[in-house]
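Working notes, structure below.
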Number of protein chains: 2
Amino acid sequence: MSPRKSVAEAMGTRAAILDRSVAVASKEGLEGLTIGRLAAELGMSKSGVLGHFGSKEALQLAALGRAGEVFRAEVWEPVVAVAPGLPRLRALCAAWVSYLERQVFPGGCFFVAAAHEFDGRPGAVRDAVESLFDAWRARLLKEIGRAVAAGELPESTDQAGLAFELTGLAMALNHAIQLHRDPEAAACARRAFAARLGDPAKAGGDHP
Amino acid sequence: MSPRKSVAEAMGTRAAILDRSVAVASKEGLEGLTIGRLAAELGMSKSGVLGHFGSKEALQLAALGRAGEVFRAEVWEPVVAVAPGLPRLRALCAAWVSYLERQVFPGGCFFVAAAHEFDGRPGAVRDAVESLFDAWRARLLKEIGRAVAAGELPESTDQAGLAFELTGLAMALNHAIQLHRDPEAAACARRAFAARLGDPAKAGGDHP
DNA sequence: CCTACCGATCGGTAGG
DNA sequence: CCTACCGATCGGTAGG
């Protein structure tokens, strides 16, 4: 309606733009996220959209940041009540599988898609994607380290190797869901995580 | 030079377009592969490029087919001399890691990138990508089945689950190379494959 | 295989 | 936050 909006209204508009950006980019990629399309979907002008960010790259970075907030809320935060070490590591992986299974981002894991799109293009977006993955890897390694220190995982555990394997399982799951639409993929992934971290629902130790 | 070329010359031109297309698409994606850019790099006109394929989608499909030929030559074919079953499965995985490590496609695994780019977009390209993955999965499962039948892997092996895990390791390796430029990633992946399939260089059985 | 062209859309700016 | 506009580029076609 009015061309000048209050700060609160502008913040709301900005948040609406970002939420839509994350949804579109998860399906079409951060490059397929065009200002014109976004403006049309939001019933705004292109310059109205762009005015909040300044450039397409700034919009991409803001969308990436918003997606990171969603991931933290979906995967990092639900486990804070779980005991540190192996129980929390298992909870983290369970939340990770659930995040992929529920397709929190309609086009699948936002970050894996962004990594593939930008890994060959130097720039701020690529750097931001890499930082998000570094932070997640550090989160996994922290809990793996605690589990080893507590004797819940063998002293001989290759900690970086374990983080590598867990990441691979999540990537294979995302792929099976998005490309193959395989409804059994999540169950398959849960079995694989359980084989690697021990299955609390089964008797026996944490390693097969 | 001459506007009309012989069939052999036209085939050579077509092959040159495809090789360039595969290289560009592995870095920029199949959608970032634009007719204009391709034409400029090849010193041709846009219509000269497009005339060989008819449409951008047909060019994308042809590039995907060419990439599939390269993958088969790099990963499927080198193992034909290895004994079927577990030895050949190990050789297949070794060739797979080597293909990723050597960056046969300059932008990383062509198919994983294409899968992420097209998994949310119905169409012929998406279907072709899915078929390529189905064929590769079937190739892995065939050799896993032989290894189980020969008693080289336990009778209780979850064969689909094993193929899922191996795929995940390859994806994690591709990601570590392309996004993180991690020079130790290939060694990490080889350890993980060996832990799963047994390491012929070490004493002991094939399962830890 | 070329030139010349089409309408559509891209990111972004000027000015209000 | 808008209208009106910019040059560049997109996939594709006509005609040769």
Side-chain angles (χ1 to χ4, degrees), chain A residues 1-21 24-25 27-64 114 117-118 121-126, chain B residues 1-21 24-25 27-64 114 117-118 121-126:
Chain A
M1 304 302 180
S2 58
R4 274 273 120 83
K5 300 225 173 155
S6 72
V7 171
E9 283 171 320
M11 293 285 281
T13 301
R14 187 189 153 95
I17 295 171
L18 278 184
D19 283 343
R20 180 72 69 145
S21 295
V24 170
K27 284 187 181 174
E28 320 282 348
L30 278 166
E31 212 57 49
L33 177 69
T34 72
I35 318 286
R37 174 181 172 175
L38 214 47
E41 289 190 7
L42 291 161
M44 295 173 63
S45 67
K46 289 201 302 172
S47 71
V49 171
L50 205 51
H52 282 274
F53 306 95
S55 71
K56 178 165 179 177
E57 187 180 60
L59 169 63
Q60 290 173 325
L61 288 169
L64 206 48
E117 197 174 0
F118 283 88
R121 309 181 197 177
V125 177
R126 203 207 115 99
Chain B
M1 307 301 178
S2 57
R4 274 271 120 82
K5 299 222 174 157
S6 72
V7 172
E9 283 171 320
M11 292 285 282
T13 302
R14 186 189 154 95
I17 295 171
L18 280 184
D19 284 342
R20 181 72 69 146
S21 295
V24 170
K27 284 187 181 173
E28 320 282 350
L30 277 167
E31 211 58 48
L33 177 69
T34 71
I35 318 286
R37 173 181 171 175
L38 214 48
E41 289 190 9
L42 291 161
M44 296 173 63
S45 67
K46 288 201 303 172
S47 71
V49 170
L50 204 52
H52 282 274
F53 305 95
S55 71
K56 177 164 181 178
E57 187 181 58
L59 169 63
Q60 290 173 325
L61 289 168
L64 205 48
E117 197 174 1
F118 283 89
R121 310 182 197 176
V125 177
R126 202 207 115 99

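Order of the sequence lines fixes the chain letters, A, B, ..., with proteins taken first and strands second; residue numbering starts at 1 for each chain.
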Q | Inter-residue atom distance L59(B).CG - I17(B).CD1, 0.5 Å rounding | A | 8.0 Å
Q. Do you know which two heavy atoms are closest between F118(A) and R126(A), and how far apart they sit?
A. O-CG, 3.0 Å
Q: Rounded off to whole Å, could you give me the CZ-to-C1' distance for the R37(A) and dC10(D) pair?
A: 17 Å
Q) M44(A) side chain: which of dC2(D), dC2(C), dG12(C) is closest? A) dC2(D)
(Q) Determine whether a donor-acceptor pair (N or O, by modelled atom type, separation under 3.5 Å) exists between the side chain of E117(A) and the backbone of L30(A). (A) yes
Q: Mind checking S45(A) for me? I need base, sugar-phosphate or nothing, with any heavy atom below 4.0 Å counting as a touch.
A: base
Q: Could you check whether S47(A) gets within reach of a base, just the sugar-phosphate, or nothing at all, counting any heavy atom under 4.0 Å?
A: base
**Q.** Atom pair CD1 (I35(A)) and OG (S55(A)), whose distance is rounded to the nearest 0.5 Å
**A.** 8.0 Å
Q) Under a 3.5 Å cut-off on both pairing distances, which runs of 3 or more consecutive Watson-Crick or G-U pairs involve DNA chain D? A) C:1-16 with D:1-16
Q. What is the distance, rounded to the nearest whole Å, between atom CD of E31(B) and atom P of dT9(D)?
A. 18 Å
Q: Find which nucleotide of DNA chain C each of K46(B) and G43(B) is nearest to by heavy atoms, and output the residue with the more 5' nucleotide.
A: G43(B)
Q) When the distance from CD of E41(B) to C1' of dT9(D) is rounded to whole Å, what number comes out? A) 15 Å
Q.
In whole Å, I'd like the distance from the CZ atom of F53(A) to the P atom of dC1(D).
A. 10 Å
Q. I35(A) near the nucleic acid: base, sugar-phosphate alone, or nothing, with a heavy-atom cut-off under 4.0 Å?
A. sugar-phosphate
Q: For the side chain of H52(A), starting at C-beta, report the closest nucleotide among dG12(D), dC1(D), dG12(C).
A: dC1(D)
Q: Round to a whole Å and report the spacing from CG of L38(B) to P of dC10(D).
A: 11 Å
**Q.** Minimum heavy-atom distance between L61(B) and A124(B), given as atom pair plus value
**A.** CD2-O, 3.6 Å
Q.
Can you tell me how far apart CD (E28(B)) and CZ (R121(A)) are? Round to the nearest 0.5 Å.
A. 5.5 Å
Q.
Minimum heavy-atom separation for S21(B) and L38(B), please, with both atom names.
A. OG-CD2, 3.2 Å
Q: Measure from CG on L59(A) to P on dG11(C) and round the result to the nearest Å.
A: 9 Å
Q. What integer distance in Å separates L50(B):CG from dT9(D):C1'?
A. 15 Å
**Q.** Gap between atoms CG and P, on L33(B) and dC10(D) respectively (whole Å)
**A.** 11 Å
